[in-house]
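Okay, so here's the structure we're looking at.
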Amino acid sequence: MKKTFFSLLDLQECNRYETLPPAFFGDLQLEPVCSAITSKYMDFDIRKYYYTIPNSSRTVRYRQEIYKDLERNSDIILPLKKYTGLLLACEKFFSFCRQAEDEIKKGSYRLLSCQKYVEALELMRDALKKARLTSEGLLEYRRLLDEAFEDPDFCHFREIVRRSFSDMEKLKLTLLVRDKEISVLEDREDQPDKAGSFLEQLKNYIRAFDVPTDDKWEEYDEAVANLFPAPLETSPLEQAVVDILRRSSPDVFRMLREFASFPFTPEGDAFIHLKNEIIFYISFYEFERQLNTFGYELSFPDIKEGGGIDITDVYDIALAWKNRFSEYRIVCNDIAYQPEKSFLVITGPNQGGKTTLARALGQSVYFMLIGLKAPCRSMNTRFFERILTHFEVEESVETGAGKLKEELRRLKPMMHMSSQNSFVILNELFTTATTYDAQIMAKKVMRHFIQNGCLGIYVTHIRELADETEQKGIQSMVAQVDKNDLSVRTFKIIPEKAEGLGYSDSIVKKYGLGYDQITERIAHL
């Protein structure tokens, strides 16, 4: 295919995909989730797509529509996987071709590369032709395939590859191993298939005695599909076999020698480039199905112009994946930014789920931005240019800086960059400062982001920061405890005026660590 830009991920050519995870990945615990999604497809270069945030809401909608098409036409998922596997094989055989020195090897590997390419495009064209598509991306993809198959040059290329591969497939022989002798019998159409009949007898023998075998035994292909099973090293036996075939089928070997310089390369081909983008969708599709089996729902966010976020039953997807096999059920929460409110300030008891909720909302914004489903039941949100996070940091041993200095060092570039229309998550900042100083600094930080049109969350133990009358744009939410047992956290977080209660006294008494309890035990020593 001619070199032309087309992408199933971007409407305009992306100048650079990130090769390292974004700074917020660690705070939001997205790396283990990303690994779970991509682990089956390490041969495909797809992590960069999870590391790169699109630059427009139109691109997000473009991706969402493609994913919806795949869901509606789930029967094309398997052909898509086969298609990407064939294109991967195409690249592999072409790399063997470039490394091989022998002209026959070069020709055979280039022919195999071309054959896999043609087979992949035929498979994909047939699959998309049957699909009921509505997305701009997949409709254009189908059009490009149809256009390729109508191109006289591609039709000529396809016919040459078909005819040449058919000729190479005729190269068949049987190896008979007896004692210390190996005999070579050339296969002819008028000869019985001795090897095949022997293998069939062996299968019948195994079935008769009910011998346990691999479940895939019946699917094994007895034939060697490649002229050179070992990619770049030929054994003496293989060389002897090739010499026999060369003498009996000189025309085929002449063709393979000529194919060594056949004008085909997968590099820069638009269809081959698309295999990684297709796997991006398939990897998440399969991950979603796994989460569904454990009772967790994912939903497409609706993107609106301006305003805040309205999300129902949001949950921490990293926590859900980690605990998917346990009986522990992740608690979901609802969040709705009120009009003119830009920052949720979450207070409440320690270990009450404040940080988990902040992380869950950050994860939902992230999956929205890369055009995929979010861990929630429903989500209405505006588009954000970036995600900025700042969670608690430890003192730096290398620099000798204290915790407060490390926090300020990390916070400074966040506030100096063009942070307009960012989603910001701040978690327990300035804990080493006095309450008064922490309150002053936190208010200034939130005011900066609010004035720059950002939306965010601030998790804190300082009740005064949640006072909606003190600072414009603040909305208070409080983590709840069981009303009958104050030591039990419900992990529900609701809009409520901050009370500043840590409920630590109930936990201390629950574990027998209250002052009176300890004094009583000491008295008996």
Side-chain angles (χ1 to χ4, degrees), residues 1 4-11 36-41 43-46 49-50 54 57-90 116-150 154 269-303 367-379:
M1 182 180 174
T4 180
F5 173 74
F6 170 69
S7 171
L8 290 171
L9 293 180
D10 297 286
L11 292 165
I37 295 171
T38 61
S39 59
K40 285 177 58 179
Y41 299 101
D43 290 333
F44 296 86
D45 184 19
I46 60 172
Y49 302 136
Y50 286 96
S57 59
R58 185 163 176 255
T59 299
V60 172
R61 293 189 181 96
Y62 177 76
R63 294 184 180 188
Q64 288 184 351
E65 292 306 313
I66 290 174
Y67 194 93
K68 290 176 183 177
D69 255 353
L70 295 178
E71 286 188 314
R72 285 190 295 265
N73 300 274
S74 58
D75 54 329
I76 71 170
I77 295 295
L78 184 57
L80 280 172
K81 292 178 70 172
K82 290 181 178 178
Y83 168 79
T84 58
L86 287 168
L87 292 181
L88 198 66
C90 167
K116 295 298 181 186
Y117 179 80
V118 171
E119 184 182 353
L121 266 58
E122 290 174 341
L123 173 68
M124 198 68 262
R125 187 192 187 203
D126 184 59
L128 293 183
K129 188 180 293 185
K130 299 174 183 176
R132 301 174 63 182
L133 305 176
T134 59
S135 66
E136 178 184 349
L138 288 180
L139 285 172
E140 176 65 9
Y141 190 17
R142 184 165 65 184
R143 188 194 69 77
L144 289 173
L145 280 168
D146 289 339
E147 187 180 81
F149 277 82
E150 293 169 2
F154 179 77
D269 183 88
F271 289 128
I272 290 181
H273 166 75
L274 290 173
K275 74 180 189 309
N276 292 324
E277 298 186 351
I278 290 170
I279 290 297
F280 167 79
Y281 290 105
I282 290 177
S283 64
F284 190 81
Y285 177 88
E286 294 180 339
F287 175 76
E288 181 190 358
R289 295 303 172 275
Q290 290 184 72
L291 271 180
N292 291 160
T293 61
F294 295 108
Y296 293 103
E297 184 179 6
L298 296 169
S299 301
F300 275 117
D302 291 324
I303 303 175
F367 281 112
M368 177 273 292
L369 290 179
I370 62 171
L372 297 174
K373 291 185 173 182
C376 60
R377 184 163 55 85
S378 67
M379 181 178 184

- Please answer whether the main-chain N or O of Ile303 pairs with a side-chain N or O of Arg61 as donor and acceptor at a distance below 3.5 Å. yes
Scanning both residues in full, the closest heavy-atom pair of Thr84 with Lys81 reads OG1-O, 2.8 Å
### Message
Assess the residue pair Tyr41 and Phe280 against the criterion (ring-ring contact (aromatic ring centres under 6.0 Å, His included)); give the C-alpha distance rounded to whole Å, side-chain angles, the decisive distance to 0.1 Å, and a yes or no.
### Response
CA-CA 9 Å; Tyr41 299 101; Phe280 167 79; over 10 Å; no
Correct closest heavy-atom pair for Phe287 and Ala36 would be CE1-CB, 4.1 Å
Residues Ala374 and Met379: closest non-hydrogen pair is CB-SD, 4.0 Å
Output for pair (Phe154 CZ, Phe149 CZ), nearest 0.5 Å, gives 4.5 Å
Value for CG (Leu11) from OG1 (Thr59), rounded to nearest 0.5 Å, stands at 4.5 Å
query = Can you check whether Tyr296's main-chain N or O pairs, donor with acceptor, with Asn292's side chain at less than 3.5 Å?
reply = yes
Can you tell if the side chain of Leu80 reaches within under 4.5 Å of the side chain of Leu70, non-hydrogen atoms only? yes
Has the side chain of Arg142 got a donor or acceptor atom that lies under 3.5 Å from a matching backbone atom of Ala131?
-> yes
State whether the side chain of Asn276 and the backbone N or O of Ile46 hold a donor-acceptor pair below 3.5 Å, judged by distance alone.
-> no
CG of Leu128 to CG of Leu138, rounded to nearest 0.5 Å, is 6.5 Å
Subject >> Glu122 vs Arg125, salt bridge (charged side-chain N to carboxylate O under 4.0 Å, His left out): CA-CA, chis, key distance, verdict >> reply: CA-CA 5 Å; Glu122 290 174 341; Arg125 187 192 187 203; over 6 Å; no
Taking the six-membered ring of Tyr62 as reference, does the cationic atom of Arg58 (NZ for Lys, CZ for Arg) lie under 6.0 Å from its centre and within 45° of its axis?
no
Using 30° and 60° as the class limits, which term best fits the ring planes of Phe271 and Tyr117: parallel, tilted or perpendicular?
tilted
| message | Are there over 12 heavy-atom neighbours, none belonging to Lys130, within less than 6.0 Å of that residue's NZ? | response | no
Sidechain-backbone polar pair: Glu140 side chain, Leu8 backbone, donor-acceptor under 3.5 Å = no
- Between Asn73 (side chain) and Asp69 (backbone), is there a donor-acceptor pair under 3.5 Å? yes
| request: Taking atom types as modelled, find out whether Tyr281 and Glu286 have a side-chain donor-acceptor pair closer than 3.5 angstrom. | output: no
Here the gap from Lys275 atom NZ to Cys90 atom SG, rounded to the nearest 0.5 Å, amounts to 9.0 Å
### Task
Ignoring hydrogens and angles, tell me if any N or O in the side chain of Arg63 forms a donor-acceptor pair with the backbone of Ile370 under 3.5 Å.
yes
side-chain contact (heavy atoms from CB on, under 4.5 Å) test vs Lys116 passes for just one of Leu86, Leu87, Leu88, namely Leu86
Separation between CG (Leu144) and CE (Met124), nearest 0.5 Å, reads 13.0 Å
Would you check if there is a donor-acceptor pair between the side chains of Ser7 and Glu277 at a distance under 3.5 Å? yes
Flag the pair Phe284 / Phe367 as yes when their ring centroid distance falls below 6.0 Å, and as no otherwise. yes
CZ of Phe44 to OG of Ser283, rounded to nearest 0.5 Å, is 10.5 Å
